[in-house]
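In listed order, ligands and their atoms are each counted from 1. What you see below is based on every heavy atom in this structure, not just the backbone, and it leaves out hydrogens, waters and symmetry mates.
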Amino acid sequence: MSKKIQVTVWNEYRDDQMTGETAAIYPQGLHNAIADFLNRDPDIEAGTSVITDSEQGLSETILDKTDVLVWWGHRYHGEIEDAYVGRVIDRVRRGMGIIFLHSAHESKPFKGLLGTSGHLSWREAGERVRIWQTDPSHPIAAGVPLNFVIEHEEMYSEPFGVPSPESTIFISWYKGGNVFRSGLTFRRDLGKIFYFQPGHETHPNYFNENVQKVITNAVKWAKPELRVESLACPNDKEPLENL
Ligand code: ZN
């Protein structure tokens with residue numbers, strides 16, 4: 001049996017998620033809800049880490065054993081220490097996969113890897129969204145309906161401040177009239193990156209079977225094909241043919 005894909009679901013998980021509406025929906029936190037459905041897949045072994053863990057949950061030990069990092073953050077992006085952000089970016093360049101969920105579009109690793117603002121416009125009205133596949137043959141869309149509805153989600157709108165993606169897997173239409181590229185892939189050096197929009201903390205959308213299917217597929221797509229200790233830039237002094 002081949003080794004399971006090792007996933008770490010990272011979440012801020014501070015006071016604002018431990019009380020009120022979010023805690024009522026996700027009593028063990030968003031990170032545990034996400035890890036729980038990932039762990040139902042026989043090919044995946046998912047653990048969690050949070051901002052209040054040592055080294056903000058981003059220790060070398062955790063990152064070294066992680067094949068795919070799943071990132072959920074919203075209010076505390078600015079508090080993540082740059083040294084740890086650098087670690088994450090370095091690991092992705094050396095082959096670790098990363099999945100940015102929902103408001104992670106403003107996180108330091110997202111902006112650092114993509115080199116753009118990550119900005120978008122948003123509206124917190126819990127409106128209906130229809131998510132359409134735009135790349136039905138992509139493995140991240142496998143087994144997902146051509147379109148599906150989420151009854152209540154925060155609205156995110158174009159323009160989305162990202163570079164041209166490798167693939168646009170999903171676009172979303174919101175009841176208020178906005179549209180958004182809601183499922184995008186990128187590559188940076190050896191690492192694969194997926195962004196997926198659903199997952200506002202006051203809606204139970206990580207219990208939606210289609211959302212779960214997309215994130216599970218994305219973990220399998222983003223797993224490292226090749227992982228190296230360092231990226232080198234060697235002087236290739238000896239030509240293979242006579243010059
Ligand atoms: Zn949100």
Heteroatom of His102 nearest to the Zn ion (ligand 1) (N, O or S, atom name) | NE2

Pair Glu154, His102: side-chain N/O donor-acceptor within cut-off below 3.5 Å = yes

Please find the N/O/S atom of His200 nearest to the Zn ion (ligand 1) and write down its name.
-> ND1

Are the ring centres of Tyr156 and Tyr195 closer than 6.0 Å?
-> no

Is His74 close enough to the Zn ion (ligand 1) to have an N, O or S atom under 2.8 Å?
-> no

Tell me yes or no: between the side chains of Arg40 and Gln212, is some donor less than 3.5 Å from an acceptor?
-> yes

Does a salt bridge link Arg94 with Asp189, judged by any charged N lying under 4.0 Å from a carboxylate O?
-> no

Glu201 backbone or side-chain N/O/S under 2.8 Å from the Zn ion (ligand 1) = no

Do the side-chain N and O atoms of Asp53 and Tyr13 include a donor-acceptor pair separated by under 3.5 angstrom?
-> no

Considering only N, O or S atoms, which atom of Glu154 is nearest to the Zn ion (ligand 1)?
-> OE1

